Amino acid sequence: MNLYKSTTLKTPPPAGAHAARARTWIAENLTDRLRTDRAHDTPATLDELIAFERALHAAGFAGITWPREYEGHGLGPREHLEINREIGRAPMPNAVNSIGKELAGPIILAVGTEAQKAELLPAILTMQHIWCQGFSEPGAGSDLVALRTRAERVADGWRLNGQKIWTSGASKSQRCLLLARTGRAEDRHRGLVLFAVPMDAPGVDVREIRSIDGQWSFCEVFFNDVIVQDSHMLGAPDEGWNAAARVLSIERATNRMYRSWRFQSELEHLVAACRSDRRALGVLRPYMRQLAQIRVEIEMLKGLVETLVERLMTGSEIGPNGSFPKLYWSEAHQRFARIACEIVAQFPAVTEGPLADVRARMQDIYLASRAETIYAGTTEIQLDIIAKRILNLKRAA
Amino acid sequence: MADDLDPSEFEETARAAMAACAGTADPAARGRLLAEAGLLGVIAPEAVGGLDLPIRFALPVVKAAGAGLLGYPLIEALLLARHLAPVDPALAGAIVEGRTLASIAWTGCAEDRSVNGLPMGERADPVLVFLRDGGAGLLSRGQGCHALASTGLDIDLPDSTLVLSGAKPRMVLDAAAVAALRADAALLRAGFIEGAAAQCLALAADYAQERVQFGKPLSANQVLRHRLSRDALAVETIRAGLARALAEPAEGAAIAREAVWLCAAQTGPAIAESAIQVFGGMGFTWDVPLHRHLRQMQAQATRGTAIEGIDALAEALLADTENEWYGDLAYAG
Ligand SMILES: Cc1cc2nc3c(=O)[nH]c(=O)nc-3n(C[C@H](O)[C@H](O)[C@H](O)COP(=O)(O)OP(=O)(O)OC[C@H]3O[C@@H](n4cnc5c(N)ncnc54)[C@H](O)[C@@H]3O)c2cc1C
């Protein structure tokens with residue numbers, strides 16, 4: 001006896017005027033070349049991606065919550081969520097400038113001077129400045145406050161010396177959100193200072209690192225006697241870092257807010273592609289219970305994300321609660337990616353069409369997903385945060 | 001009425017009522033205690049003595065029941081009082097007042113001559129049974145049906161099998177009414193499991209901080225800290241999922257409800273299992289209530305036919321999609 005009508009278990013397109021507008025715009029502007037659900041002989045170029053991202057902002061779908069005076073659209077987190085649901089449903093490329101839009105921008109809004117806001121914020125949205133995040137160092141990963149990059153007071157500003165690593169997108173960036181220290185490494189949390197460093201400043205040296213997916217997605221960045229002005233400092237020493245920590249907790253919860261919906265569309269793509277071919281459908285069938293499980297997890301992820309959006313709306317602190325969606329998403333997405341990769345590996349040999357496209361996409365996702373439990377705080381660090389700051393578990397009698 | 005009330009206002013009353021119920025061995029007395037606290041009619045219409053509140057107001061009540069190991073078919077009472085009110089107001093009223101202990105046989109259908117998953121079946125009268133056409137009927141005791149002792153795990157709310165020998169259920173709900181009842185049941189069950197799971201986590205977190213081994217509390221060890229963090233994530237996931245399902249999101253209220261129920265059915269028991277591990281040998285004892293929570297949550301998963309639910313979802317996923325990018329992947333040309 002089947003107690004459930006399958007038709008009732010569908011997700012209709014998101015409601016709302018913003019969603020409808022975004023849906024139409026994306027359908028008209030996301031060309032085949034930009035679609036991430038197609039295998040491309042020559043992938044979209046950086047210039048093409050930048051142009052698309054600029055147009056996305058001009059159409060009203062980036063900088064959604066930023067004030068209008070800085071080229072933002074002046075809307076709230078709910079509208080941001082509404083639009084991001086649509087972005088997630090479509091096979092859109094990930095933002096080239098997500099560090100600018102989701103990390104640097106909110107920090108500048110929180111601690112920047114009026115002059116900094118006016119100069120830096122519009123440049124992010126118009127794609128004049130792509131940003132990278134210079135936090136991690138060879139000796140400071142999970143233990144970020146072990147960082148050693150030094151900022152010394154000099155007559156005409158600050159002198160920077162040190163090395164960053166795993167800096168995503170550094171080779172295509174115009175600005176680096178750099179975390180350095182004014183004192184000694186032993187000072188740990190004290191004396192940390194944030195800068196907006198122009199990547200073309202003399203003494204900045206970038207070397208790309210190849211990642212497991214064959215891409216050159218992150219870099220080492222060396223700072224050798226780089227001179228920056230006071231006007232490049234974001235907040236006072238300590239103040240900038242404290243603000244950054246607050247912003248980071250919000251960002252962990254809300255960045256790439258479209259993730260659950262993108263995740264769902266990846267699953268829908270896999271199933272739809274298999275439906276288009278009798279042999280692939282045969283491969284898929286035995287995995288359906290596992291995939292239904294994943295479908296449940298996607299729905300639960302939406303709950304975790306939307307809970308935090310509601311908290312933001314009421315002005316509550318996000319604090320350590322951002323760890324919940326990060327942890328849940330990264331692990332569920334890896335589970336999906338592993339199953340998907342197993343499925344496409346059993347496809348008949350085809351070189352084009354829906355099966356070839358979905359195979360390429362799922363293989364990319366599988367490899368890329370391995371980083372999801374590492375960046376933005378590893379799984380182990382998220383679990384530490386929950387134990388310490390949510391469960392308050394004691395360490396000594 | 002719902003406008004000037006907050007569901008959390010029921011939390012304290014519910015907790016106190018569960019504690020009172022734990023103090024009496026007689027299920028009928030528990031029914032009276034719950035009724036006196038006004039809890040059995042929270043979502044029933046005013047005409048049968050209920051408060052006529054939306055389902056979200058019943059959530060604190062079932063959560064407290066899950067946390068408090070309630071030995072009363074509360075979910076069944078809440079559902080029957082609400083859904084039978086239009087067809088049998090007298091019975092619905094008696095349930096609200098705690099005078100009648102009614103229950104629901106959750107699995108199987110009457111035409112098969114035996115139905116299962118009937119909480120407190122040895123006491124319950126009448127019993128709602130499902131019919132093959134999707135509707136449901138009522139059976140009274142002694143009318144050609146009898147209950148067999150429990151085959152399930154739950155000891156606080158033992159399940160029975162009801163054998164039907166010639167009994168003809170009195171048809172009370174059509175298929176649409178049953179679907180509505182099941183939709184409410186999914187939410188109430190998920191809430192019950194959330195309450196039980198949160199209680200298991202709280203017990204385990206407390207124990208881990210009290211128990212000293214190797215000269216330090218168990219909670220000093222990262223493996224156990226991480227285990228408890230994962231359990232906290234699982235509880236939070238159910239909590240957030242339930243809040244979302246109760247808000248009936250425009251993008252799919254049915255899937256939101258189904259998902260949180262299926263998630264609770266799976267992760268709830270796993271949280272109890274985890275807590276038993278944290279307690280060590282103590283966790284394996286009859287006196288530590290973790291096994292009772294485990295049993296209750298497993299029983300909920302069975303009554304709610306969670307496995308069937310996953311398969312139905314798989315079917316829906318396979319059938320088609322509402323995402324226009326993937327509606328039809330037979331490429332043109
Ligand atoms: C694709 C990608 C992009 C990135 N982009 C950026 C970027 O743009 N900017 C930037 O600043 N950084 C970036 N990072 C760096 C990222 O933040 C770090 O990799 C991460 O913080 C982990 O640090 P680590 O690599 O030094 O690993 P480590 O800290 O050395 O950790 C190694 C392993 O040990 C575990 N571990 C560490 N400490 C503990 C502990 N106390 N208890 C238990 N286990 C522990 C970790 O969980 C991990 O499994 C990126 C990383 C990746 C993979």
Side-chain angles (χ1 to χ4, degrees), chain A residues 1-4 6-16 27 37 85 89-91 264-265 267-269 271-273 275-276 284-285 288-289 291-293 295-300 302-304 306-307 321 324 327-328 353-354 380 382-388 390-391 393-397, chain B residues 109 132 134 179 182 205 208-209 212 215-217 219-220 222 225-226 228-230 232-233 236-245 249-252 254-256 258-260 262-263 266 305 308-331:
Chain A
M1 181 171 54
N2 187 356
L3 306 167
Y4 304 87
S6 61
T7 49
T8 63
L9 293 179
K10 294 291 174 220
T11 321
D37 58 353
R85 287 197 187 107
R89 279 162 53 83
Q264 183 178 342
S265 78
L267 170 61
E268 286 167 339
H269 180 199
V271 173
R275 248 196 326 260
S276 76
L284 180 72
R285 275 195 191 283
M288 281 315 294
R289 204 181 256 188
L291 291 177
Q293 198 67 52
R295 183 67 190 82
V296 166
E297 289 167 5
I298 291 169
E299 237 18 56
M300 303 313 287
K302 292 178 189 173
L304 289 171
E306 290 176 3
T307 297
N321 290 291
F324 286 131
L327 189 54
Y328 197 79
E380 288 74 17
Q382 309 296 344
L383 291 169
D384 271 0
I385 291 171
I386 295 169
K388 184 172 168 194
I390 293 178
L391 291 172
L393 295 178
K394 60 183 182 190
R395 288 189 172 278
Chain B
C109 53
R132 195 165 286 149
R182 284 191 187 275
Q209 295 181 87
V212 173
K216 56 192 182 188
S219 62
Q222 197 183 47
R225 298 172 72 82
H226 284 191
L228 293 167
S229 293
R230 284 192 180 283
L233 170 63
E236 175 62 15
T237 302
I238 301 173
R239 201 200 57 70
L242 250 176
R244 180 167 182 271
E251 53 143 5
I255 176 84
E258 197 56 19
V260 70
L262 294 172
C263 172
Q266 284 187 333
T305 60
E308 255 185 70
I310 274 284
D311 286 342
L313 186 56
E315 240 176 72
L317 190 58
L318 195 57
D320 60 57
T321 169
E322 301 245 355
N323 186 331
E324 63 276 15
W325 296 91
Y326 304 113
D328 180 10
L329 269 194
Y331 292 169

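Keep in mind it's a predicted model, so treat the numbers as computed, not measured.
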Considering all heavy atoms, the nearest [X]-[Y] contact:
X: M288(A); Y: A314(B); result: CE-O, 3.4 Å
X: A205(B); Y: L393(A); result: CB-CD2, 4.0 Å
X: A240(B); Y: T307(A); result: CB-OG1, 3.2 Å
X: A387(A); Y: S229(B); result: N-OG, 3.1 Å
X: W325(B); Y: R89(A); result: CD1-O, 3.4 Å
X: V296(A); Y: A259(B); result: CG1-O, 3.5 Å

Show, in sequence, the C-alpha distance, side-chain angles and deciding distance for L383(A) and Q222(B), and conclude whether the side chain to side chain contact (heavy atoms under 4.5 Å, CB included) test is met. CA-CA 9 Å; L383(A) 291 169; Q222(B) 197 183 47; over 6 Å; no
Would R225(B) and L391(A) count as a side chain to side chain contact (heavy atoms under 4.5 Å, CB included) here? Give the steps. CA-CA 9 Å; R225(B) 298 172 72 82; L391(A) 291 172; over 6 Å; no
Between [options], which shows the greatest number of heavy-atom pairs under 4.5 Å with chain A?
options: L318(B), L228(B), V212(B); value: L318(B)
options: A208(B), G252(B), A220(B); value: A220(B)
options: G241(B), G215(B), P217(B); value: P217(B)

Identify which part of [X] has an atom lying under 4.5 Å from any heavy atom of chain B, answering side chain, backbone, both or neither.
X: A273(A); value: both
X: N321(A); value: neither
X: R275(A); value: side chain
X: E268(A); value: both
X: I385(A); value: neither
X: I298(A); value: neither

Evaluate the side chain to side chain contact (heavy atoms under 4.5 Å, CB included) criterion for residues E299(A) and E258(B): first the C-alpha distance (whole Å), next the side-chain angles of each, then the deciding distance (0.1 Å), finally the verdict. CA-CA 9 Å; E299(A) 237 18 56; E258(B) 197 56 19; over 6 Å; no
Partner chain B: residue of [options] with the largest heavy-atom pair count (under 4.5 Å):
options: L327(A), L304(A), L291(A); result: L304(A)
options: R285(A), Q264(A), E297(A), E380(A); result: E380(A)
options: Q382(A), K388(A), K302(A), R295(A); result: K302(A)

Pick one of side chain, backbone, both or neither for [X], based on which atoms fall under 4.5 Å of a heavy atom in chain A.
X: A243(B); value: neither
X: R239(B); value: side chain
X: L242(B); value: neither

Rounded to the nearest 0.5 angstrom, the CD-CD1 distance for E236(B) and I386(A) is 9.0 Å
